[in-house]
Each structure stands twice: as C-alpha cells, then as structure tokens.
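Below: the structure, in structure tokens.
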Amino acid sequence: LYFVAAVWIGFRSGRNDISEADYLVMGRRLTLPAFVATLVSSFYGGILGVGEFTYRYGISSWFLNAFPYYIFITLFAVFLAKKIRRTNLFTIADKLDSVYGKNVSILGAILVFLLVTPAPYVFMLGIITSMIFGFPLWISMAATLIFSIVFLFKGGLNADVRVNTFEFILMFVGFGIIIPFCFTQIGSFDYLSANLPSNHLNFTGGNSVSYILVWFFIGAWAIVDPAFHQRCYSAKSERTAVRGVFISLIFWFVFDAMTTLTGLYAFASIKNIEDPVMAYPLLAQNILPDFAKGFFFIGLIATIMSTLHSNLFISATTLGRDIIVKFTGGKDKGNLYSKIGIFITAFLSVIIALLVPSVVQIWYLIGSLTIPALIIGIVSSYFAKLQINRN
C-alpha cells in the first residue's frame with residue numbers, strides 16, 4: 001500500500017511537456033512546509049547505517065554522524081542558503097561553470113554524481129524488502145528501484161517533493177511507535193545503563209582520533225550536498241531557503257535522538273547480531289506486535305525511499321544535464337538526457353551496492369573521496385576573496 005500510494009502521489013503531481021525550470025526546480029515555487037519536509041526526509045535515508053553504527057559504537061554514532069552535521073548545516077544556513085537562492089541557477093555544476101569554466105564544471109559534476117549515488121539506499125531497501133518477502137537481494141533492489149523511477153520521469157522535482165512530504169510523516173510515525181514499546185517490553189534508561197558496555201556510553205566509542213576526525217569532516221557533506229542546493233534553488237524566496245534549513249535542523253535533532261535511542265535498545269537486548277545493519281529490523285521483530293511492526297517497517301522503508309528517489313533524481317540530472325549535455329551540446333535536450341540518466345544511475349547503483357555491501361563503508365569511501373574536492377570548489381565559488389585560478 002505504501003509503494004502504491006507513493007507512485008500515485010508522484011504521478012498526480014506530474015505534467016507532460018514541462019519546462020526545464022519546472023522539471024528541475026519546481027519553477028522555484030517551493031514553500032516553507034514543503035521545503036522542510038523534503039529536505040528532512042531526503043537527507044536522512046541512511047537509517048539502517050545509523051542502526052549499524054549505533055549497534056557497533058553506541059552514542060558515538062550521534063557524536064560522529066549527527067553532531068558534525070549540525071555544525072556544517074548551521075554554516076550552510078548562515079553563509080550559503082541565501083546566496084544559492086539568489087543565483088537562480090539549477091545545479092552546483094552551473095555555479096562552478098559560471099566561476100571556473102566548463103572543465104571544472106564537468107569535474108564537479110562527476111564528483112556530485114559519485115557523492116549522491118543511490119547505492120547505499122538501494123542496498124538498504126533491498127535488505128528490508130528481501131527480509132519481508134523472501135526475494136533474493138538483487139531482485140529486491142531492482143523492484144524497489146522501479147517504484148522510485150516511474151514517477152520521476154513525469155513529475156521531476158515536483159513529484160519528488162510531494163512523495164517526500166508523505167514519507168516525512170511516515171518516518172516519524174515509525175520511530176514514534178517503537179520507542180514506547182522499547183520502554184515497556186525491554187526496560188527504562190536504568191536497563192540501558194546496566195546492559196551497555198562503557199564504550200557504548202562514550203562519545204568517542206573507543207575510536208581513534210583520526211577516525212573521529214574523518215567522520216567529523218564528512219559532516220561537511222551538508223555544505224556540498226546537492227539536495228541542499230537544489231532545494232534552495234527551488235525555494236520561493238531567499239527567506240524561505242534560510243528558515244527552511246534552520247527548521248529542518250530541529251527535526252533532524254529530534255529524529256537523531258529517536259534513532260540513537262532505538263539503536264541502543266537493539267544492542268542491549270539482542271547480543272551478537274551477525275550483521276549489525278539488521279539491528280532495527282531485528283529489534284522490531286522481537287518486540288512489536290504485527291500491526292505496529294508493519295508501521296515501523298513502513299517508517300524504515302519511507303525513510304530510505306525518500307533519499308533514494310531524491311538522490312536518484314539528482315544523480316540522473318547531473319549525468320544528463322551537467323555531463324552529457326556539456327560533452328554533446330544540445331541544451332534543449334536536458335530533460336531527455338536527465339530521463340536517460342535515471343536508467344543509467346539505477347543500474348550503476350545496483351552494481352555498487354553488490355560490490356560494497358556495507359552502508360557505512362559506502363558513505364566512508366565516497367564521502368572521503370569527493371567532499372574535500374567539492375567543498376573547495378563550491379565554497380570558493382560563492383566568495384570572491386576565496387576564488388583561485390581555474391587551473
């Protein structure tokens with residue numbers, strides 16, 4: 001029912017023969033409530049990775065995977081959100097092109113394409129649907145991708161945002177259901193303190209300083225994340241962009257608290273999970289009655305799916321409009337190449353997910369490779385005093 005509803009909502013929001021501005025940035029009509037709903041949901045797809053990290057390292061998951069993002073998201077809201085909206089551009093590559101030229105723009109587009117690969121989200125959705133229906137993993141990944149693709153062809157960002165809004169509600173409902181059951185079925189905070197090792201209650205989680213620093217700077221992902229830029233390009237006004245990012249930060253803080261607490265309960269109550277990426281699903285399997293379990297799994301699926309189709313759309317438009325068009329010309333074919341890019345991106349994401357079957361490892365690998373290069377180009381492009389020779 002969830003998948004059917006998502007496709008129905010997405011198709012209802014689409015129109016035939018829409019302009020590039022409508023397809024890519026909703027004609028710059030994105031209102032504040034929709035801005036918050038789509039940004040919050042599309043930037044929080046790694047829910048099983050959060051469960052995996054919390055199960056392994058305890059509250060350091062929050063310290064490494066949430067706190068650094070708060071800092072960089074605040075910097076983004078204060079220094080970049082208004083500037084991005086003011087440009088009236090479409091993509092990060094457009095901005096790099098206007099400041100540093102075609103070659104830097106193409107290189108930036110390639111890095112953006114890698115950064116927003118849907119691979120970790122395809123992998124997570126494949127795991128959950130495989131667990132529910134018993135399909136082989138690759139079939140589950142392919143099936144969930146089909147549901148992500150169909151409405152993006154017709155509706156573009158408008159379809160993406162409307163489905164995100166539906167998923168925003170479901171992600172909070174899912175974790176809002178499981179936490180009370182954790183308290184009643186497992187125990188209170190006293191139970192957690194008695195059944196968690198000291199490392200799980202330590203902000204560093206026993207990790208090395210170098211490992212912590214890498215994760216801290218991966219938090220700069222928020223500065224270069226194309227979803228942030230795309231939502232700012234699409235906002236009705238500069239004020240909407242700035243306020244939207246700050247309000248989103250409040251929702252992320254609440255959701256981070258919910259997911260971290262749930263992960264701690266998973267470790268305290270289920271020892272020696274062979275694959276910690278299954279921490280949340282196994283906890284739900286153990287403590288939730290069927291009806292509540294259904295809603296929790298829908299919450300997990302919606303959280304992942306929201307980022308999957310948002311990243312899929314950005315990857316596809318980056319490949320089609322910012323890379324293929326730059327090499328082949330034909331600016332009037334941007335929408336067509338973007339739709340072709342959807343197929344190519346979907347195929348590549350399945351390959352990556354099969355080659356690197358760990359959400360955390362995909363984040364760590366791609367984030368540490370692409371963010372340092374992108375942050376120099378993007379930040380300097382918005383501040384004249386920081387700009388360097390394009391070579």
Side-chain angles (χ1 to χ4, degrees), residues 20 23-25 38-39 42-43 45-46 69 72-73 76 80-81 83-85 87-122 148 152 156-157 160 217-234 307-328 331 334-335 337-349 351-352 362-382 390:
E20 185 177 53
Y23 191 70
L24 295 179
V25 292
T38 185
L39 189 61
S42 66
F43 196 58
Y69 284 90
F72 288 106
I73 287 167
F76 181 93
L80 283 174
K83 288 177 178 288
I84 292 168
R85 178 60 184 87
T87 64
N88 283 326
L89 295 173
F90 294 101
T91 65
I92 288 173
D94 285 345
K95 181 61 178 175
L96 293 175
D97 197 350
S98 69
V99 176
Y100 290 122
K102 178 181 176 180
N103 290 341
V104 175
S105 170
I106 292 174
L107 175 59
I110 292 169
L111 293 172
V112 166
F113 178 74
L114 292 173
L115 181 67
V116 293
T117 175
Y121 313 103
V122 172
S148 301
L152 293 176
L157 183 63
D160 186 26
F217 285 109
I218 285 178
W221 198 308
I223 299 288
V224 303
D225 189 272
F228 275 71
H229 289 251
Q230 184 186 49
R231 271 57 178 176
C232 288
Y233 290 135
S234 308
T307 307
L308 193 161
H309 56 74
S310 291
N311 280 17
L312 183 64
F313 182 64
I314 293 169
S315 267
T317 56
T318 299
L319 180 62
R321 185 183 179 278
D322 295 329
I323 298 176
I324 297 177
V325 167
K326 289 277 171 59
F327 277 113
T328 64
K331 290 184 178 180
N335 283 6
Y337 287 142
S338 295
K339 291 175 181 179
I340 294 172
I342 290 175
F343 280 115
I344 298 172
T345 300
F347 176 75
L348 290 176
S349 63
I351 299 300
I352 294 171
I362 294 174
W363 285 342
Y364 190 88
L365 177 66
I366 292 175
S368 57
L369 284 174
T370 60
I371 290 170
L374 279 171
I375 202 165
I376 293 171
I378 291 172
V379 173
S380 66
S381 71
Y382 282 99
R390 66 180 59 188

Below 4.5 Å, heavy atoms only, C-beta onward: do [X] and [Y] meet side chain to side chain?
X: Pro372; Y: Phe217; value: no
X: Leu319; Y: Ile324; value: yes
X: Ile323; Y: Tyr337; value: no
X: Arg390; Y: Asn103; value: no
X: Ile366; Y: Thr117; value: yes
X: Leu115; Y: Leu111; value: no
X: Ile218; Y: Tyr69; value: yes
X: Phe228; Y: Ile73; value: yes

Nearest non-hydrogen partners of [X] and [Y], listed with the distance:
X: Ile371; Y: Val224; result: CG1-CG2, 4.1 Å
X: Leu152; Y: Leu312; result: CD1-CD2, 4.1 Å
X: Leu24; Y: Gln230; result: O-NE2, 3.5 Å
X: Asn311; Y: Val116; result: CB-O, 3.2 Å
X: Ala316; Y: Ser338; result: CB-O, 3.4 Å

Quick one: [atom1] on [X] to [atom2] on [Y], what's the gap to the nearest 0.5 Å?
X: Leu374; Y: Leu369; atom1: CG; atom2: CG; answer: 11.0 Å
X: Asp225; Y: Ile378; atom1: CG; atom2: CD1; answer: 9.5 Å
X: Glu20; Y: Thr317; atom1: CD; atom2: OG1; answer: 9.5 Å
X: Phe347; Y: Ile352; atom1: CZ; atom2: CD1; answer: 10.5 Å

Main-chain N/O of [Y] paired to [X] side chain as donor or acceptor, under 3.5 Å:
X: Thr318; Y: Ala109; answer: no
X: Lys102; Y: Lys326; answer: yes
X: Thr307; Y: Ser42; answer: yes
X: Ser105; Y: Ala93; answer: yes

Fit a plane to each ring of Tyr23 and Phe313, take the angle between them on a 0 to 90° scale, and name the class: parallel (under 30°), tilted (30 to 60°) or perpendicular (over 60°).
perpendicular
Under the side-chain contact (heavy atoms from CB on, under 4.5 Å) rule, what do Leu157 and Tyr233 come out as? Steps first, then yes or no, please.
CA-CA 11 Å; Leu157 183 63; Tyr233 290 135; over 6 Å; no
Check side chain to side chain contact (heavy atoms under 4.5 Å, CB included) between Leu80 and all other residues, then give those that pass, not counting sequence neighbours.
Phe76, Ile84, Ile223, Tyr382, Phe383
Name all residues meeting the side chain to side chain contact (heavy atoms under 4.5 Å, CB included) criterion together with Val99; count only those two or more places apart in sequence or in a different chain, and write none if there are none.
Lys95, Ser381, Gln387
List the steps, then state whether side-chain contact (heavy atoms from CB on, under 4.5 Å) holds for Ser380 with Tyr100.
CA-CA 10 Å; Ser380 66; Tyr100 290 122; 2.7 Å; yes
Take Val112 and Asp322, measure what side-chain contact (heavy atoms from CB on, under 4.5 Å) needs, and give me the verdict at the end.
CA-CA 10 Å; Val112 166; Asp322 295 329; over 6 Å; no
